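The model shown is predicted, which means the values in this text are computed figures rather than measured ones. Only heavy atoms go into these numbers, but all of them, side chains included; no hydrogens, no water, no symmetry mates. Along the sequence shown, residues are numbered consecutively beginning with 1.
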Amino acid sequence: MIRLDGLEIGFNRKAVVQNLSLDIRKGEFFTFLGPSGCGKTTTLKAITGFLVPTQGSIHVNGIDITHMPVEQRKIGMVFQNYALFPTMTVKQNIVFGLKEQKWPKDRIRTRLEEVAHLVNLTDEQLDKPITELSGGQQQRVAIARTLALNPDIIVLDEPLSNLDARLRKKLRGELKRIQAASGVTMVYVTHDQEEALILSDRIAVFNAGAIEQVGTPHDIYYRPASEFVVDFIGEANRLHPSTVARLKQSNADFELHSRERAYVRAEHVKERIPERLAADYYVLDAEFEIEEFYGLNVKRIFRVDDEQIGCLSNEVDPAIRRGDRKRLYIGKSDLIRFTDRHAP
Ligand SMILES: Nc1ncnc2c1ncn2[C@@H]1O[C@H](COP(=O)(O)OP(=O)(O)OP(=O)(O)O)[C@@H](O)[C@H]1O
Ligand SMILES: [Mg+2]
């Protein structure tokens, strides 16, 4: 539905997005995920028309919109800072676009009811001045205003970033429900990996103006295409050469090319395994250092030679003390390997 082809976008002759190609399907919840400054907002602005790429093209449903003015694209937008009209009521904000488009009064009224219902705004809230609403409620209004015009595509740039953690979780669940119910194609920008994994049908992981990987949350997590992706998503231990040497000692069939780098996710480092599965694991002798308690789970940090290895578990170990010797087990199939392009 949305096709980005060889996009390059620059400021002052310096490209901040290079050779970016991407296909977003109709009805998809598609997320741009990446660290600050990697070009997510810039790419989104090219889709909405606020920026014109220096190279490449953007098509929507086969139509070239690369140079089409913003207002002709009919793409809905939701921003981090809500961008509502402060002197209007909630209702006036939501119907503003419909009035601009000269919708008849009764259709405006039904559409208002529909979208208010979708985003859980009450009749009482609809009559309030926008400034009397909390951040979460204001973002609901911004979403309702965008939905009201019934766009095929809605882009959202970090829409939940200004909200507290609890509200963020609640609203992201609602966003997913709204998207599923309306069938609208959503392009969502976040630097929050958890949000991306939970919400998305597919994710594009951005790094320094380029895409590292496009895939389902499951793909991105379990089959990361690059060291950047494995590092950015989830919690992975990069195994130092000295640790790799110990894995080799523990198991004769261990093979790792000198140019390969190995990672293991913290939840795949085990403190015990069933005896009968011993052949499937590598073993590391480690020393316990410190524990980080997260509630739902706990991360124990161990030392192997001079390197730290994190182990995520859902069991607390009340007996463990700093300096305790432990064996750690890493499943052979849990090693994630990359060929190091920079090695000699
Ligand atoms: N108007 C501008 N003029 C010059 N440089 C810009 C402009 N807008 C963005 N940039 C630069 O382009 C790069 C990408 O910025 P962008 O806003 O797309 O990042 P982002 O991925 O959205 O980051 P964040 O998560 O912090 O919002 C950055 O290096 C930024 O400094
Ligand atoms: Mg941004």
Side-chain angles (χ1 to χ4, degrees), residues 29 31-32 36 40-41 44-45 47-50 70-71 73-192 194-196 198-200:
F29 199 116
T31 300
F32 296 174
S36 186
K40 307 180 295 292
T41 297
L44 210 62
K45 282 184 176 166
I47 296 177
T48 50
F50 289 105
V70 176
E71 60 281 4
R73 298 192 187 199
K74 302 202 166 57
I75 297 176
M77 292 173 239
V78 177
F79 304 101
Q80 180 176 345
N81 60 7
Y82 322 132
L84 296 160
F85 302 111
T87 56
M88 296 184 187
T89 65
V90 170
K91 195 185 280 178
Q92 287 166 340
N93 264 282
I94 295 176
V95 304
F96 183 83
L98 304 180
K99 283 195 168 158
E100 288 267 286
Q101 291 191 4
K102 308 229 167 2
W103 282 38
K105 270 206 171 110
D106 52 333
R107 274 189 66 209
I108 291 183
R109 194 169 341 104
T110 24
R111 189 66 189 142
L112 173 68
E113 278 167 18
E114 282 168 11
V115 294
H117 178 73
L118 259 179
V119 302
N120 286 327
L121 285 168
T122 62
D123 286 346
E124 190 199 346
Q125 287 167 337
L126 288 179
D127 288 321
K128 283 191 174 174
I130 197 76
T131 45
E132 282 181 26
L133 263 54
S134 71
Q137 290 161 348
Q138 289 194 33
Q139 196 54 297
R140 286 200 166 92
V141 177
I143 294 165
R145 179 183 61 179
T146 307
L147 284 170
L149 288 161
N150 218 355
D152 292 336
I153 300 167
I154 298 182
V155 304
L156 306 96
D157 195 350
E158 313 234 14
L160 308 182
S161 295
N162 283 0
L163 309 175
D164 69 60
R166 228 177 92 88
L167 198 55
R168 216 157 50 217
K169 282 190 178 168
K170 187 162 186 300
L171 230 64
R172 80 180 175 208
E174 292 182 14
L175 259 183
K176 182 76 181 169
R177 177 180 54 75
I178 290 167
Q179 190 264 342
S182 61
V184 63
T185 306
M186 280 195 179
V187 186
Y188 190 90
V189 167
T190 183
H191 56 258
D192 181 335
E194 189 180 281
E195 221 168 86
I198 287 174
L199 285 172
S200 315

Task: From Leu160 atom CG to Leu175 atom CG, the distance as rounded to the nearest 0.5 Å - done: 5.5 Å
Task: Audit row: Thr185, Asp152, side-chain contact (heavy atoms from CB on, under 4.5 Å) steps and yes/no - done: CA-CA 6 Å; Thr185 306; Asp152 292 336; 5.8 Å; no
TODO: Can you measure from CD1 (Ile94) to CG (Leu147) and round to the nearest 0.5 angstrom?
DONE: 9.5 Å
Open item on the list: In the structure I gave you, are the side-chain heavy atoms of Val155 and Ile75 within less than 4.5 Å of one another anywhere?
Closed with: yes
Task: Closest non-hydrogen atom pair between Val184 and Gln179, with its separation - done: O-NE2, 3.1 Å
Open item on the list: I'd like to know whether CG of Asp123 has more than 12 heavy-atom contacts from other residues, nucleotides or ligands below 6.0 angstrom.
Closed with: no
- [ ] Please confirm whether Phe85 and Phe96 have ring centers closer than 6.0 angstrom.
- [x] yes
Open item on the list: Is there a side-chain contact (heavy atoms from CB on, under 4.5 Å) between Thr31 and Val189? Walk through the geometry before answering.
Closed with: CA-CA 6 Å; Thr31 300; Val189 167; over 6 Å; no
- [ ] Check salt bridge (Lys or Arg N to Asp or Glu O under 4.0 Å) between Lys45 and all other residues, then give those that pass, not counting sequence neighbours.
- [x] none
- [ ] Please say whether more than 12 non-hydrogen atoms of neighbouring residues, nucleotides or ligands are located less than 6.0 Å from CZ in Arg177.
- [x] yes
- [ ] Start with the C-alpha gap between Leu171 and Arg140, add the side-chain angles, then the distance that decides, and say whether side-chain contact (heavy atoms from CB on, under 4.5 Å) holds.
- [x] CA-CA 8 Å; Leu171 230 64; Arg140 286 200 166 92; 3.3 Å; yes
Task: Test applied, side-chain contact (heavy atoms from CB on, under 4.5 Å); reference residue, Lys91; option that passes from Asp127, Val141, Leu121 - done: Asp127
TODO: Mind listing the closest non-hydrogen atom pair of Arg73 and Ile47 along with its distance?
DONE: NH1-O, 2.8 Å
- [ ] Just jot down the side-chain hydrogen bond (donor to acceptor under 3.5 Å, both in side chains) partners of Glu194, sequence neighbours excluded, or say none.
- [x] Arg172
Task: Atom pair CZ/CG of Arg168 and Asp192 - distance to nearest 0.5 Å - done: 6.0 Å
Open item on the list: Taking Lys170 first and then Glu174, would you say they form a salt bridge - that is, a charged N and a carboxylate O separated by under 4.0 Å?
Closed with: yes
TODO: Looking only at non-hydrogen atoms, find the nearest pair between Gln138 and Leu84 and report the distance.
DONE: O-CD1, 3.4 Å
Task: Evaluation steps, side-chain contact (heavy atoms from CB on, under 4.5 Å), between Tyr188 and Glu158 - done: CA-CA 7 Å; Tyr188 190 90; Glu158 313 234 14; over 6 Å; no
Open item on the list: Could you check whether any side-chain heavy atom of Ile154 comes within less than 4.5 Å of a side-chain heavy atom of Val78, counting everything from C-beta outward?
Closed with: yes
Task: Rounded distance [0.5 Å steps], OG in Ser134 versus CD in Gln125 - done: 8.0 Å
Open item on the list: Quick one, Ile130 and Thr89 - any side-chain contact, counting heavy atoms below 4.5 Å?
Closed with: no
TODO: Kindly say whether Met77 contributes a backbone atom to a donor-acceptor pair with the side chain of Thr146 at under 3.5 angstrom?
DONE: yes
TODO: Kindly check if the number of other-residue, nucleotide or ligand heavy atoms within 6.0 Å of CD (Glu71) is above 12?
DONE: yes
- [ ] Looking only at non-hydrogen atoms, find the nearest pair between Lys176 and Ser200 and report the distance.
- [x] NZ-C, 4.4 Å
Task: Non-hydrogen atoms of Thr131 and Pro86 that approach each other most closely - done: CG2-O, 3.8 Å
TODO: Measure the spacing between CD of Gln139 and CG of Leu156 and express it to the nearest 0.5 Å.
DONE: 8.0 Å
Open item on the list: Testing the basics here: between Gly76 and Pro151, what is the closest heavy-atom pair and its distance to 0.1 Å?
Closed with: N-CB, 3.8 Å
Open item on the list: Once rounded to the nearest 0.5 Å, what's the spacing between atom OG1 of Thr41 and atom CZ of Phe32?
Closed with: 10.0 Å
